[in-house]
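Shown next, in structure tokens, is the structure this report addresses.
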Amino acid sequence: MTIQGQQINATPRPLYSVRLIDRRTGQVHRVNGAPLLALSREPEAAAASLLEGRDPVLWEARIEPLATRTHQ
């Protein structure tokens with residue numbers, strides 16, 4: 001059985017935090033005071049989206065796995 005293209009009994013992929021970092025300051029980029037953060041199971045795609053149209057000399061994306069609980 002599938003839901004939105006994923007098998008129900010399939011092992012879920014890990015969840016990642018993807019943040020946009022200003023290389024000049026080393027700080028997370030903020031929008032209206034809130035840190036820009038993406039949660040994704042496809043972190044490379046999320047990082048590419050955050051970096052799209054930005055100068056890679058000035059910006060980087062940091063990917064960190066999130067601890068998740070699994071129900072047994």
Side-chain angles (χ1 to χ4, degrees):
M1 180 184 235
T2 62
I3 294 179
Q4 296 180 1
Q6 288 188 332
Q7 292 289 333
I8 291 176
N9 58 353
T11 304
R13 296 182 309 215
L15 188 61
Y16 294 87
S17 163
V18 184
R19 297 177 293 150
L20 186 62
I21 306 295
D22 185 333
R23 291 180 188 265
R24 297 165 289 191
T25 64
Q27 299 295 313
V28 175
H29 181 60
R30 293 179 175 270
V31 177
N32 292 328
L36 182 59
L37 169 80
L39 299 177
S40 178
R41 295 193 190 282
E42 297 179 9
E44 292 82 12
S49 179
L50 287 175
L51 292 169
E52 186 176 346
R54 298 182 191 272
D55 185 345
V57 171
L58 302 177
W59 300 97
E60 73 175 281
R62 288 198 188 147
I63 299 171
E64 297 177 358
L66 294 177
T68 57
R69 294 188 317 183
T70 56
H71 299 285
Q72 296 180 6

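In what follows, residues are counted from 1 in the order of the sequence shown.
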- Message: Can you list everything that forms a side-chain contact (heavy atoms from CB on, under 4.5 Å) with Glu60? Sequence neighbours excluded, please.
- Response: Ile21, Arg23, Arg62
- Hydrophobic cluster membership, Leu51 vs Leu58, 4.5 Å side-chain cutoff: yes
- Item | Val28 with Trp59, same ILVMFWY side-chain cluster at under 4.5 Å | no
- Minimum heavy-atom distance between Ser17 and Leu37, given as atom pair plus value: OG-CD1, 2.8 Å
- Query: At their closest point, which heavy atom of Ile63 faces which heavy atom of Pro43, and how far apart are they?
  - Reply: CG2-CB, 3.5 Å
- Message: Could you check whether any side-chain heavy atom of Arg54 comes within less than 4.5 Å of a side-chain heavy atom of Leu20, counting everything from C-beta outward?
- Response: yes
- Item | Within-4.5 Å side-chain heavy-atom neighbours: Tyr16 and Leu39 | no
- Query: Can you name the residues that form a side chain to side chain donor-acceptor pair (under 3.5 Å) with Glu64, not counting sequence neighbours?
  - Reply: Arg19
